[in-house]
Amino acid sequence: MSSSTVIESISSKSTFYLKRIQVLSMRFPEWWIWLFSAAIWILLLINPLVTTEKDNHSGNLILCTATDSTPIETGSAFLKEADLSTRIFTAVSDGLPAWGIMIAAMMFPLLNEPIRHVAFSVRQKDRDKSILYFLFGYTIVWILSGVLFLLIPIVLDLIIVDQSSFLKGLIGSFGFLLAALSVWFPNRLEIMTKYNQTMPIRIQSPYLQTDSISYGLKMGIACMRMCWIPMIALMLAHHNLILMLVVTIILLYERYRLPHISKLPGYAWGIIAFVLFGIETWSRFF
């Protein structure tokens with residue numbers, strides 16, 4: 001076989017595979033969102049500790065290592081001594097970037113169907129742009145929610161002045177217990193159904209931008225209503241990477257593999273609550 005024949009064969013195969021990739025990317029427009037989330041997970045595995053440091057003390061810790069037995073949190077000594085406004089500002093400014101990272105890693109993979117709806121509603125050349133506008137609206141909801149969620153540890157500090165590490169562990173396990181009970185809430189099916197909502201996306205500017213952002217806001221609210229309890233529980237449990245990964249797997253399995261009436265996620269959240277309670281009890285008394 002001559003060299004020109006070999007080159008032609010390689011070129012033909014390369015063209016075939018490139019076309020296949022192009023077809024798949026058109027069929028699954030969410031592919032690059034998954035790559036983005038996967039890249040974040042890889043970075044977290046490489047550098048799992050996300051903190052902010054000011055004046056030689058650590059601020060709010062949103063992500064901590066799986067082996068960290070004494071995670072730093074909003075209720076640190078510095079924040080306890082500061083006035084309330086300073087504590088709130090520090091908690092939000094230090095915690096919000098890490099909260100955004102967590103949302104991109106955990107929540108974006110749940111958006112296959114909404115992203116496809118946006119992508120298939122507009123012209124092909126506008127797909128990526130409309131998806132970005134959608135994600136912008138979606139992220140706004142979670143960022144605003146994060147501002148409120150990051151204040152929860154401060155509120156708990158005000159209500160329970162002297163919090164031992166054991167009590168904080170119990171608070172984390174209680175969050176997952178509440179997540180388990182929420183699966184049996186009467187409005188659960190309605191909340192799950194809202195996650196499948198769609199809306200028309202007009203293809204002309206500026207309506208394409210406003211409709212995509214508006215749909216992102218709607219889906220952000222729907223997703224937040226479904227996932228806010230596990231996410232708060234994860235934050236209160238000082239979510240190490242193993243726990244964060246387990247929660248992500250449960251959310252993905254619930255979203256794509258289970259019918260809305262399934263109670264399996266409730267049992268999963270209950271097991272996590274039991275395990276966290278067991279770990280804290282063991283470390284406290286043994």
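For clarity, every value in this text was computed on a predicted model and none was experimentally measured.
In this structure, the separation between CD1 on Ile191 and CE on Met224 is 10.0 Å, given to the nearest 0.5 Å. The distance from atom SG of Cys223 to atom CH2 of Trp228, rounded to the nearest 0.5 Å, is 14.0 Å. Atom CE of Met192 sits about 5.5 Å away from atom CE of Met226, to the nearest 0.5 Å. Atoms CD1 and OG1, on Ile213 and Thr139 in that order, are 11.0 Å from each other to the nearest 0.5 Å. To the nearest 0.5 Å, the span separating CE on Met235 from CD1 on Ile152 amounts to 4.5 Å. Here Leu44 contributes atom CG and Ile101 contributes atom CD1; the two are 6.5 Å apart, rounded to the nearest 0.5 Å.
Shown here for Tyr256 and Pro109, the closest heavy-atom pair between the two residues is OH-O, 2.6 Å. Considering every non-hydrogen atom in both Thr248 and Trp41, the closest pair reads OG1-CZ2, 3.4 Å. The two residues Ile115 and Phe134 have their closest heavy-atom pair at CG1-CE2, 4.0 Å. The two residues Ile131 and Pro29 have their closest heavy-atom pair at CD1-O, 3.9 Å. Nearest heavy-atom pair, Val118 versus Ser212, reported as atom, atom and distance to 0.1 Å: CG1-OG, 4.3 Å. Closest approach of Pro153 and Leu236 over heavy atoms only: CG-CD2, 4.5 Å.
Within a 6.0 Å sphere centred on CZ of Phe120, other residues, nucleotides and ligands contribute more than 12 heavy atoms. Counting heavy-atom neighbours within 6.0 Å of Arg123 CZ, excluding the residue itself, gives a total above 12. Within a 6.0 Å radius of CG in Leu35, more than 12 heavy atoms belonging to other residues, nucleotides or ligands are found.
Two different hydrophobic clusters hold Leu264 and Ile250 under the rule that ILVMFWY side chains link at heavy-atom gaps under 4.5 Å. Under the 4.5 Å side-chain heavy-atom criterion for grouping Ile, Leu, Val, Met, Phe, Trp and Tyr, Leu189 is not connected to Leu251 through any hydrophobic cluster. In terms of hydrophobic clustering, with Ile, Leu, Val, Met, Phe, Trp and Tyr side chains grouped at heavy-atom distances under 4.5 Å, Ile103 and Leu252 are assigned to a common cluster. Linking ILVMFWY residues whenever their side-chain heavy atoms come closer than 4.5 Å, directly or via other members, places Met102 and Phe36 in the same cluster. When hydrophobic clusters are built by joining Ile, Leu, Val, Met, Phe, Trp and Tyr residues whose side-chain heavy atoms come closer than 4.5 Å, directly or via intermediates, Phe108 is not grouped with Tyr253.
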Verify side chain to side chain contact (heavy atoms under 4.5 Å, CB included) between Ile221 and Lys194, making sure each step is shown before the conclusion.
-> CA-CA 9 Å; Ile221 294 173; Lys194 285 286 187 180; over 6 Å; no
Can you check side chain to side chain contact (heavy atoms under 4.5 Å, CB included) on Met244 and Leu234, steps first, answer last?
-> CA-CA 7 Å; Met244 184 176 169; Leu234 188 60; 4.3 Å; yes
Where do Leu135 and Ile33 land on the side chain to side chain contact (heavy atoms under 4.5 Å, CB included) test, with the steps shown first?
-> CA-CA 10 Å; Leu135 291 176; Ile33 305 299; 3.3 Å; yes
Report the C-alpha separation of Trp32 and Asp128 in whole Å, then their side-chain angles, then the decisive distance to 0.1 Å, and conclude whether the side chain to side chain contact (heavy atoms under 4.5 Å, CB included) test is met.
-> CA-CA 9 Å; Trp32 60 272; Asp128 291 340; 3.4 Å; yes
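Looking at Leu243 and Phe176, their side chains come closer than 4.5 Å, going by heavy atoms from C-beta outward. For the pair Leu110 and Met219, the minimum side-chain heavy-atom distance is 4.5 Å or more.
Side-chain rings of Tyr215 and His117 approach one another, their centers coming within less than 6.0 Å. Between Trp184 and Tyr267, the distance separating the two ring centers is shorter than 6.0 angstrom.
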Tabulate below the donor-acceptor pairs under 3.5 Å that side-chain atoms of residues 142-151 make, not counting sequence neighbours, or state none.
residue: Trp142; atom: NE1; partner: Tyr138; partner atom: OH; Å: 3.2
residue: Ser145; atom: OG; partner: Val141; partner atom: O; Å: 2.8

May I have the list of side-chain donor-acceptor pairs in residues 198-206 shorter than 3.5 Å, sequence neighbours left out?
residue: Arg202; atom: NE; partner: Asp211; partner atom: OD2; Å: 2.8
residue: Arg202; atom: NH2; partner: Asp211; partner atom: OD1; Å: 3.0
residue: Ser205; atom: OG; partner: Gln209; partner atom: NE2; Å: 3.4

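With respect to the salt-bridge test (charged N to carboxylate O, under 4.0 angstrom), the residues Glu113 and Arg255 qualify.
Side-chain N or O atoms of Ser37 include none that pairs as donor or acceptor with a backbone N or O of Trp34 at under 3.5 Å. The closest donor-acceptor contact from the side chain of Ser262 to the backbone of Leu258 lies at 3.5 Å or more, if one exists at all. Of the possible polar contacts, none joining the Ser214 side chain to the Thr210 backbone as a donor-acceptor pair under 3.5 Å is found.
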